[in-house]
J.: 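Supplied in structure tokens, the structure appears directly below.
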Amino acid sequence: MAIVLSRTNPTSVTASTVDERGELVAAPIALEFAKLAAFVAERERAQAAAGAAAERWVWSDSSRWYGDLLNAGVRVQRCHDLRLSHVILRNSTLAAATDFARAAPSDWSRPAEPLTAAVAPVHSALFDLADTMASGRSAVAEDSVAEYRRQLEAIAAVPDAGRLRLLLAAESVGALIAAEMRNAGLPWRTEVHDAILTEELGPRVPYGTRPAKLEALAGRIRNLLGDNTVNPDSPQSMLKALNRAGLMITSTSRWELAEYTHPVIAPLLEYKKRARLLTANGWTWMDQWIIDGRFHPDYVPGGAATGRWATSGGGALQLPRQIRAAVTADPGWKLVVADAAQLEPRILAALSADTSMAAAGRGVDMYAGIVASGVVETRDQAKIAMLGAMYGATTGESGRLMPKLTRAYPRAIRLVEQAARAGERGELVTTWLGRSSAPPGEDWREAQRRASQPGASTAEESRARSRARDWGRFTRNFVVQGSAAEWALCWMAELRKGLLGIEARNPQAPGHRAAASGPVFDRVPHLVFFLHDEIIVHTPAEHAEEVAALVTDAAATSGRLLFGDFPVDFPLGIATVERYSDAK
DNA sequence: CGGTTCTGCCAC
DNA sequence: AAACGTGGCAGAACCG
């Protein structure tokens, strides 16, 4: 049983209970939007009280619907995200033969519009609908029931749809988690952050002016170059000045500068490092993104081409290690920080059923395992070779090590090579659970067409070959990165299930209130951060040990969900800490 | 002047 | 050594 929520007009919502084929089982209920949260809360409560399996909420876009519910203090157990599922189903090669995949694209094929408001409930679905209508985008949805039915039909038409079902479920619960993490926020101590900034840059100064330590470095750079006007923030200005000083560099990038010996190099690199901190995560960033002691990034599930999550605003994908000490648990709380060790190589071993490679990953350090098997001589070599295999490196040390890897792990290497060849031919590739790559763009195809014609110039031919190889590297990586993203989704989904269990067993847990969390998460362990292969749970200290065990169990369960009995391990690095920076 | 592209660097 | 995947972002540089 599922309940499809759809908006009928700016002030009301329809709740339609449907069966497993998406057929209505009762007359739809009309609700005022303002009463939706209470309605959902009551249904969730009643199911929990009855010990029944949770009903699935079906809606167009979890970030909107669930964002609003969370703002109203209401949590749900399960959902089906129509838009995310639509995109997967339409593009998956597993569903290519269905009417659903063959139908013309609709509004459902377009990505959800990004959230714009910070965290406050100013941007509710209610207002969004008005915006949507005003912007001329057809009032979605409101064929949500029909869309759900179409998706269920499509899945039913796919032979052996088990993996695809798992993917849609994982993607949907991922969308719930994304909304929950945004709502809860990452605990952030601005005074710690400020202390780091002051240490690195000098005391805070108004936006647009250089802090003292940066100004001092800029002065040293000017002196050493004998040029009073050079501006270290301007690549053009720096490049000219360095050329005049006899450094025949072609760019001012860090790696090129590091190749030269000159007194100005050290202070310049130091300047760049600190200036980066100021512009990317300085006081301006802090003012803009830290609200009441929490960082609330806007996660975008499925936002990357491979199915990885993207984020928008605040740069959550790139929190520099420099400032991670500011991520600090509330008093009486802990952070459980975990990351999957060498996730992608392990995923590759499982995808290709390469038992030798999986065996090398039996320990916590897969690269050490590869060395122990005598494939290469050092851990560094093992790492470079593996990354090169997954990214498509052809030159340098990585390229030179490839033959050794191919000899030791022929199945794994064959899998990535085949994915690369498919991409070079313009074909689609598909992850373990069924997410397929987009086809190459029209200009890519045009380039290939032109090059294959009789009168093609050598320039056209080489350009086309280069584009083909580029796309091959993308598809090569897609299968591994995308399948790893699926493992991570299942990991988080299992973990969330476990955390809800803790909550259910501790109904009135008094404990310490989390300082800045809203009513939904102020007393319970909850996910606060996710980045490709690592997670952070913010938990009352008394549950930290149990949470850590759940995190570890969830990783093992995810491995079994995806790969059954295939003997591949997914060990974690895991630490229970006060501060993120203490985790590794 | 505002909008777009480029540069360089951060994360996994 | 700077090729080899996925992203986000700020500020400079460029352009009409």
Side-chain angles (χ1 to χ4, degrees), chain A residues 114 207-208 210 231-240 249-259 268-269 271-282 284-285 288-289 297-324 339-345 347-348 380 383-402 416 419-420 423 429 431 435 437-438 466 469-485 487-488 529-535 573 580 584:
Chain A
Y207 176 79
R210 261 197 200 115
N231 172 13
D233 291 322
S234 157
Q236 214 173 53
S237 153
M238 274 313 300
L239 188 60
K240 280 183 196 150
I249 50 174
T250 58
S251 85
T252 62
S253 60
R254 200 170 54 79
W255 67 264
E256 191 168 358
L257 287 172
E259 289 176 344
L268 180 53
L269 292 179
Y271 180 92
K272 287 161 83 77
K273 178 128 188 98
R274 296 181 193 223
R276 159 83 191 184
L277 176 64
L278 174 68
T279 55
N281 298 97
T284 312
W285 180 90
Q288 185 179 355
W289 291 104
D298 179 10
Y299 294 97
V300 186
T306 55
R308 271 187 177 181
W309 288 12
T311 66
S312 123
L317 295 186
Q318 38 182 155
L319 275 189
R321 290 175 174 278
Q322 256 176 322
I323 58 165
R324 290 187 178 182
D339 74 308
Q342 305 94 37
L343 177 59
E344 292 191 351
I347 290 290
L348 173 56
D380 246 22
K383 183 173 178 177
I384 286 170
M386 277 305 315
L387 293 176
M390 293 183 299
Y391 292 165
T394 52
T395 62
E397 187 176 11
S398 191
R400 282 195 299 280
L401 291 167
M402 279 303 294
V416 288
V429 296
T431 60
R435 191 189 308 262
S437 60
S466 160
R469 281 194 301 267
D470 290 348
W471 198 255
R473 284 193 301 276
F474 165 62
T475 54
R476 167 197 295 268
N477 188 250
F478 181 96
V479 292
V480 180
Q481 189 184 110
S483 301
W487 179 91
F529 191 65
F530 170 58
L531 186 55
H532 309 320
D533 62 0
E534 68 177 290
I535 54 103
Y580 188 15
K584 52 184 171 183

J.: Once you apply a heavy-atom cut-off of 4.0 Å, does A:Ser398 come out as touching a base, just sugar-phosphate, or nothing?
T.: nothing
J.: Please find the earliest and latest nucleotides of DNA chain C, in the 5' to 3' direction, that have an atom within less than 4.0 Å of any heavy atom of chain A.
T.: C:dA2 to C:dC14
J.: Identify the 5'-most and 3'-most nucleotides of DNA chain B with at least one atom closer than 4.0 Å to a non-hydrogen atom of chain A.
T.: B:dG8 to B:dC12
J.: Pairs in or reaching into residues 300-316 of chain A: which pass salt bridge (Lys or Arg N to Asp or Glu O under 4.0 Å), with residues at least two apart or in two chains?
T.: A:Arg308-A:Glu344
J.: Have a look at A:Arg473 and say if it touches a base, only the backbone sugar-phosphate, or nothing, with a 4.0 Å heavy-atom cut-off.
T.: sugar-phosphate
J.: Among all residues two or more places apart in sequence or in another chain, which pass the ring pair (Phe, Tyr, Trp, His ring centres under 6.0 Å) test with A:Phe530?
T.: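 Per chain and number, A:Phe530 pairs via ring pair (Phe, Tyr, Trp, His ring centres under 6.0 Å) with A:Trp309.
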J.: Give me the ring orientation class for A:Phe478 and A:Phe474: parallel if the planes are under 30° apart, tilted from 30 to 60°, perpendicular past 60°.
T.: perpendicular
J.: For A:Tyr299, what residues pass the side-chain hydrogen bond (donor to acceptor under 3.5 Å, both in side chains) criterion, not counting sequence neighbours?
T.: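 A:Tyr299 satisfies side-chain hydrogen bond (donor to acceptor under 3.5 Å, both in side chains) with no residue once adjacent residues are dropped.
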J.: Looking at residues 305-320 of chain A, who's got a heavy atom less than 4.0 Å off DNA chain B?
T.: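 Of all residues in residues 305-320 of chain A, the ones placing a heavy atom under 4.0 Å from DNA chain B are A:Arg308, A:Leu317, A:Gln318, A:Leu319, A:Pro320.
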J.: Please name all residues satisfying side-chain hydrogen bond (donor to acceptor under 3.5 Å, both in side chains) with A:Glu256, sequence neighbours left out, ordered by chain then number.
T.: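 For A:Glu256 the side-chain hydrogen bond (donor to acceptor under 3.5 Å, both in side chains) partners, ignoring immediate neighbours, are A:Thr250, A:Ser251.
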J.: List the residues meeting side-chain hydrogen bond (donor to acceptor under 3.5 Å, both in side chains) with A:Glu534, not counting sequence neighbours, and say none if there are none.
T.: A:Tyr580
J.: Could you check whether A:Tyr271 gets within reach of a base, just the sugar-phosphate, or nothing at all, counting any heavy atom under 4.0 Å?
T.: nothing
J.: What distance, rounded to whole Å, do you find between the two C1' atoms, one in B:dT5 and one in C:dC4?
T.: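 Taking atom C1' in both B:dT5 and C:dC4, they lie 24 Å apart.
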J.: Among all residues two or more places apart in sequence or in another chain, which pass the side-chain hydrogen bond (donor to acceptor under 3.5 Å, both in side chains) test with A:Trp487?
T.: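 A:Ser558.
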J.: Under the ring pair (Phe, Tyr, Trp, His ring centres under 6.0 Å) rule, collect the residues that match up with A:Tyr391, sequence neighbours excluded.
T.: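 Per chain and number, A:Tyr391 pairs via ring pair (Phe, Tyr, Trp, His ring centres under 6.0 Å) with no residue.
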J.: Among residues at least two apart in sequence or on other chains, which ones pass side-chain contact (heavy atoms from CB on, under 4.5 Å) with A:Arg276?
T.: A:Ala280, A:Gln318
J.: Name all residues meeting the salt bridge (charged side-chain N to carboxylate O under 4.0 Å, His left out) criterion together with A:Asp470; count only those two or more places apart in sequence or in a different chain, and write none if there are none.
T.: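 Applying salt bridge (charged side-chain N to carboxylate O under 4.0 Å, His left out) to A:Asp470 gives A:Arg473.
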